[in-house]
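Lettering follows sequence order; numbering is per chain, from 1.
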2 protein chains.
Amino acid sequence: MSVSVRDVAAAASVSVGTVSNVLNHPGKVAPETVARVQAAIEKLGFVRNDAARQLRAGKSRSIGMVVLDVGNPFFTDVARGAEDRAAEDGFTLLLGNSDEKLAREGSYLDLFEEQRVHGILITPVGEDLTRLGRVQANGTPAVLVDREADRAQFSSVSVDDVAGGYLAVRHLIEQGKRRIAFVGGPHGLRQVQDRLAGARKAVAEAPGVQLELIDTDSLSVLQGRAAGEALQSREAVHRPDGVFAANDLLAMGVLQALHMLGDIRIPDDIALIGYDDIGFASAAVVPLSSIRQPAALIGYTAVDLMLREAAAGAGFEREHVVFQPELVVRQSTSGA
Amino acid sequence: MSVSVRDVAAAASVSVGTVSNVLNHPGKVAPETVARVQAAIEKLGFVRNDAARQLRAGKSRSIGMVVLDVGNPFFTDVARGAEDRAAEDGFTLLLGNSDEKLAREGSYLDLFEEQRVHGILITPVGEDLTRLGRVQANGTPAVLVDREADRAQFSSVSVDDVAGGYLAVRHLIEQGKRRIAFVGGPHGLRQVQDRLAGARKAVAEAPGVQLELIDTDSLSVLQGRAAGEALQSREAVHRPDGVFAANDLLAMGVLQALHMLGDIRIPDDIALIGYDDIGFASAAVVPLSSIRQPAALIGYTAVDLMLREAAAGAGFEREHVVFQPELVVRQSTSGA
DNA sequence: TTCAATTCTTGAAACGATTCATTCTCGACG
DNA sequence: CGTCGAGAATGAATCGTTTCAAGAATTGAA
């Protein structure tokens, strides 16, 4: 059914080895032979069988990536950066979506292992990285994205989320806000923990400022809207006057709820700041203040580290790149 | 280096065939043997080599999908639906991003062919589908997504874009708008052509209404912003009073430009409507009217058709599912 | 004319899982 | 007591590509 090198070899009256050389080391083959083989390939419509190729090579030309949420523009931006770097070296990016679920994350890791992927980029759902450690021990380099852990074991590319949380809440406090609410969850996510830790730090430095936690099940617009509705249904005096959402999707949900259902003024009654600075943040009902992370660069760098680790082999010194987040002020916190 | 069935077989004192049976047809193996083999698998940390598996099987358990823009939530929603359907049958979705570029589309098709993918879902960049036809002829079913073509050759799942364009512009006209501008491009994209055709139809029905075309290089927020800035810099009398953008990203860009840079009132001075009804549309500065498409369902259905075609084999009667778009009115066209 | 040095080409041996025709083991039944 | 058959297990052959040691052909120098 499918055309193989054998068929091409026969059609061009050469050996299979020569066909393979034309494909992979054309310099080693006489020009006219190359032409003849290529004509045969063209004529027969030969397409390399990647499975056989990989079987022989022992490793694939793909890189596996698992993100928390493909619906979040932040992660698609990271993936884009990763894809760019991968393409530079002829690698393909396989993108998996864990949806913040351990089970889905696990099944992508299974898949990637079975595919003998060249390396793995992952934003892990939980704290437990033993599974990933095992993969790594078997020779597949893994790089943590947007998350730092056990520095000796995994390379990582991250942004200082504690600093980001601090920036966000300090900014709210500087705007005169005193009753701050942190909207986010699940708390198993390191991003959530760190951003909250930064928030706590900023609050601790400012006497008289209170911090309230409003938990969500995930970092989605829907969850944000639910949180916003909860706030909106409270009596005005019991509402916070500043809200820090763990990411922009949540923030946009909160914004929708507050703005559309209620008569709450933003930022006068409640100031709102998000995290990630996704492209849509600036186009929101009230343009959203946020903490910017260099998404594409994170992805690019992660693949870079991974490829370096793969090339270096066993005794590789793990690297850790930490970017600094940046405060972006828009109308949702600054009425002017 | 890597553990193979052979190693497992040796460790469990059985033959390789038995190990394979434990993996694939556990019913054919005596329970105690299954246990022994599984213990060996566990102990050695055996992971199936997918390349070898595929080589033998001749086809992979993956489905390839090429979309125009992963940054567009519409397509990630479609992909999500596709992934769901694929997962139901144990397939994996490989997601490629053509970025509206023929070259990138081509390299994904190459990749998918080499991977002997089970089937292909694609929103093609251009008009020329001969390449895709060849792939299809080689036994890999291809389903067109959000695009209908040569009905005998490819199955397709689409939305009636002409109807959608018609709905959008008729709505603008009903709001009393008379000088309509269509923002979109490149015109090589069928989506753009059809939506424009619908717009033309609506304009043709309404005496005295003019249609102006504002071309863009792609369907992105950035391009939309450029178009919006161009409009904004015109003298008021030369501006359109209704704008139909070929998708929501463009519309949001236009909105940003008009709203932030200028003193143009929306919808009073200019009414604006987009297409796709992405989640962010309702959270825009001015909540955006749009044409809704059942994104996830489109993806789900596309995989469904593809799997049916793959199962049926050669003499398969192509199917064509066409969904109807729906007008969603928000403040950007209806001041109330 | 011969020999050495290049430059090309060859074809068998891997890679690792799956398949399938065979062989082996029991137990039941006549 | 011999035979038959179901249930288990076996292992060689296979998928299609790449690699690599070895052979063939060509060139130039002596």
Side-chain angles (χ1 to χ4, degrees), chain A residues 1-38 40-41 44-62 90 110-111 113-118 138-139, chain B residues 1-38 40-41 44-62 90 110-111 113-118 138-139:
Chain A
M1 156 144 159
S2 192
V3 183
S4 79
V5 273
R6 197 154 263 105
D7 304 315
V8 174
S13 325
V14 295
S15 70
V16 291
T18 299
V19 175
S20 176
N21 280 331
V22 169
L23 256 25
N24 304 297
H25 314 280
K28 291 192 183 303
V29 181
E32 55 203 279
T33 312
V34 172
R36 198 146 37 94
V37 171
Q38 261 162 358
I41 288 177
L44 300 179
F46 167 77
V47 176
R48 252 210 202 85
N49 183 323
D50 197 49
R53 197 168 144 76
Q54 280 184 36
L55 174 56
R56 187 71 236 269
K59 253 191 182 315
S60 85
R61 301 289 294 168
S62 312
D110 285 346
L111 180 73
E113 274 198 274
E114 293 190 358
Q115 306 240 61
R116 299 292 190 274
V117 140
H118 209 79
N138 287 338
Chain B
M1 159 144 162
S2 191
V3 183
S4 80
V5 274
R6 200 154 259 102
D7 304 314
V8 174
S13 326
V14 296
S15 71
V16 291
T18 300
V19 175
S20 176
N21 279 332
V22 169
L23 257 24
N24 303 297
H25 314 281
K28 290 192 185 303
V29 182
E32 56 204 280
T33 312
V34 171
R36 196 146 38 95
V37 171
Q38 261 162 357
I41 288 177
L44 300 178
F46 167 76
V47 177
R48 252 207 200 87
N49 184 324
D50 198 49
R53 198 167 142 76
Q54 279 185 36
L55 173 56
R56 189 73 235 275
K59 251 191 183 317
S60 86
R61 300 288 294 169
S62 314
D110 285 345
L111 180 72
E113 275 198 275
E114 293 191 357
Q115 307 240 61
R116 300 293 191 272
V117 140
H118 209 79
N138 287 336

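Scanning both residues, Ala51(B) and Leu55(A), for their nearest heavy atoms gives CB-N, 3.8 Å. Closest heavy-atom contact between Leu23(A) and Phe46(A): CD2-CE2, 3.8 Å.
Looking at heavy-atom distances under 4.0 Å, Ser4(A) makes contact with sugar-phosphate atoms alone, never a base. Residue contacts for Asn24(A): at a heavy-atom cut-off of 4.0 Å it reaches the sugar-phosphate backbone alone, with no base atom in range.
To the nearest 0.5 angstrom, Asn24(A) atom CG is 5.0 Å from Arg48(A) atom CZ. Note that CD of Gln54(B) and CD of Gln115(A) are 6.5 Å apart. Values are rounded to the nearest 0.5 Å. A distance of 8.5 Å separates OG of Ser2(A) from CG of Asp7(A), quoted to the nearest 0.5 Å. Rounded to the nearest 0.5 angstrom, Arg53(B) CZ and Lys59(B) NZ are separated by 15.5 Å. For the atom pair Arg116(B) CZ and Asp50(A) CG, the distance stands at 8.5 Å (nearest 0.5 Å).
Along DNA chain C, read 5' to 3', the first and last nucleotides having any atom under 4.0 Å from a heavy atom of chain A are dC8(C) to dG16(C).
His25(A) has no side-chain polar atom (N or O) that falls below the 4.0 Å cut-off from OP1 or OP2 of dT18(D). OP1 or OP2 of dT18(D) has at least one side-chain nitrogen or oxygen of Arg48(A) nearer than 4.0 Å.
Taking atom CZ of Arg61(A) as the reference point, atom C1' of dT18(D) lies 14 Å away to the nearest angstrom. Remark: P of dT14(D) and CG of Leu55(B) are 13 Å apart, rounded to the nearest angstrom. Going from atom CZ of Arg6(A) over to atom P of dT14(D) covers 11 Å, rounded to whole Å.
Direction of the helix axis in the helix from dT1(C)-dA30(D) to dG30(C)-dC1(D) shifts by 60° between the two five-pair termini, rounded to 10°.
With sequence neighbours excluded, the residues forming a side-chain contact (heavy atoms from CB on, under 4.5 Å) with Asp110(A) are Arg131(A), listed by chain and number. Residues satisfying the side chain to side chain donor-acceptor pair (under 3.5 Å) criterion with Thr18(B), sequence neighbours excluded, are Ser15(B).
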For residues 25-36 of chain A, dump all side-chain donor-acceptor pairs below 3.5 Å to protein atoms at least two apart in sequence or in another chain.
{"residue": "Arg36(A)", "atom": "NH1", "partner": "Ala12(A)", "partner atom": "O", "Å": "2.5"}

Polar atom pairs (N or O), protein with nucleotides 8-10 of chain D, under 3.5 Å:
{"residue": "dA9(D)", "atom": "OP1", "partner": "Thr33(B)", "partner atom": "OG1", "Å": "2.4"}
{"residue": "dA9(D)", "atom": "OP2", "partner": "Ala30(B)", "partner atom": "N", "Å": "3.1"}
{"residue": "dT10(D)", "atom": "OP2", "partner": "Ser15(B)", "partner atom": "N", "Å": "2.7"}
{"residue": "dT10(D)", "atom": "OP2", "partner": "Ser15(B)", "partner atom": "OG", "Å": "3.1"}
{"residue": "dT10(D)", "atom": "OP2", "partner": "Thr18(B)", "partner atom": "OG1", "Å": "2.9"}

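Under 3.5 Å, the side chain of Arg56(B) and the base of dT14(D) form at least one donor-acceptor pair of N or O atoms.
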